[in-house]
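Worksheet: one structure, shown below.
In each ligand, atom 1 is the first atom listed, and ligand 1 is the first ligand listed. All values below come from the heavy atoms of this structure, side chains included, with hydrogens, waters and symmetry mates left out.
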Amino acid sequence: MTPSVLDTNALMSITHRPPQVFMRGAGMWLWDQDGKPYLDFVQGWAVNGLGHCPPQIHDALMRQSQTLITPSPAYWNAPAAQLAHSLCEHSVFNRVFLASSGAEANEGAIKLARRYGQNFRQGAYEIITFEGGFHGRTLATMSACGKPAFAKLFEPKVPGFPKAVLNDLSSVEQLIGADTVAVMLEPIQGEAGVHEARPDFLRALRDLTRAHGVLLIVDEIQTGVGRTGTLWAYERAGIQPDIMTLGKGLGGGVPLSALLAIEQVACFEPGDQGGTYCGNPLMAAVGEAVLQTVAKPGFLAHVRERSGQLRAGLVSLSNVHGLGEVRGQGLLLALALGQSLGAQVVSQALQDGLLINSPRPDSLRLMPALNVTSGEVDLMLDRLDGVLRRVSRRKRSDAVIHVSDPT
Ligand SMILES: *Cc1c(COP(=O)(O)O)cnc(C)c1O
């Protein structure tokens, strides 16, 4: 039986959340404590690539939890070896470290780059990152972020993360010095509002970093595992990075992340890196099931088709409602609102049974399951149209009240 009131007070308050408590999910749908359904275009924050509670994850968890959950990080296990092998087979990388969260994978990438600097670059340690970039919430990854709201938090930060400007090669060039060991970026900045690193910029950045013996790290925690219509977003630029991090979509909803490196860069020494849950068989088995599903012939073509449909629908909503541009790739798309209406649209959508996200006050982000159907995309566009109508009607009536207010 579902209780009608759920007390969340014992949970530490860390962000503003709506009152709904989500009880159940299936595919593109979530149900709250009152049984109200919501069409979910947030999907765990670009996490549930196969939707809520997909059979592939259920089966992998059932099978592996009856076989081996964890032998200890001091021993090898087969699912971790299998997932690492599959990740290398499907990418340009040769070595994998498995972890549990995106921030943890990025911490690993930062440490690996610093280890590389110690071994091969006379102690170089600086990692150039980008304004607007997001890499996680540990102290080092927050220091790597270019998120303005993080700038003043938890000082002093970890030093060694100078910030360049996305798509501006000379801003990177100016920061490269003897201490520079790597450049790290998201192929598409997700949290900043879906801003793409242009393919020509990524190619020029690859040439520049190579010329200086500097590593190129791509944070594909949000863009990886099919999200942008190719298995990895770096493929679109035709580049070969030295290090890649994965999270979110890799586990499809369970805590799993990965740090991948090419052979010459995978230079951790015993004692440098580890973690109790790193490479545990239970999560690795899920990662393998997710990866095999996304890598199946036809799966990514479906993502690109749904992307075309969603993009065209958003463009036409933008025209009808006088909004801004549509940004992004694959099923990581944003609609610019042209004004700071994000919070109002998200809250009206919630009332109307639609979950969407506003990463910045002036834009909406859509990140459905990668196996979303064409009918679900149409239903979302229809609901969003209604939401935008209601929000703009309310704005007009507020304006009228304001103008005629005698005080
Ligand atoms: C979400 C995200 C992270 C952090 O991942 P967590 O699992 O929340 O630690 C890092 N980088 C990018 C690009 C992300 O989108």
Inspect the contact between D362 and R360 and indicate whether a charged nitrogen and a carboxylate oxygen are less than 4.0 angstrom apart. no
Could you go through ligand 1 and list every pair where one of its N or O atoms sits under 3.5 Å from a protein N or O, giving the atom names and the distance to one decimal?
residue  : atom   : partner : partner atom : Å
ligand 1 : 7 (O)  : G102    : N            : 2.8
ligand 1 : 9 (O)  : G102    : N            : 3.4
ligand 1 : 9 (O)  : A103    : N            : 2.7
ligand 1 : 11 (N) : F134    : O            : 3.3
ligand 1 : 11 (N) : D219    : OD1          : 3.4
ligand 1 : 11 (N) : D219    : OD2          : 2.8
ligand 1 : 15 (O) : Q222    : NE2          : 2.8
ligand 1 : 15 (O) : K248    : NZ           : 2.6

Decide, yes or no, whether a salt bridge links K248 with E220 under the criterion of side-chain N to carboxylate O below 4.0 Å. no
Under the criterion side-chain hydrogen bond (donor to acceptor under 3.5 Å, both in side chains), which of T129, D219, T141 is the partner of H135? D219
Only one of V345, D40, L335 clears side-chain contact (heavy atoms from CB on, under 4.5 Å) with I356; which? V345
Between the main-chain N or O of T373 and the side-chain N or O of H302, is there a donor-acceptor pair closer than 3.5 Å? no
Kindly write out the residues that satisfy side-chain contact (heavy atoms from CB on, under 4.5 Å) with S257, not counting sequence neighbours, or none if the list is empty. A99, A105
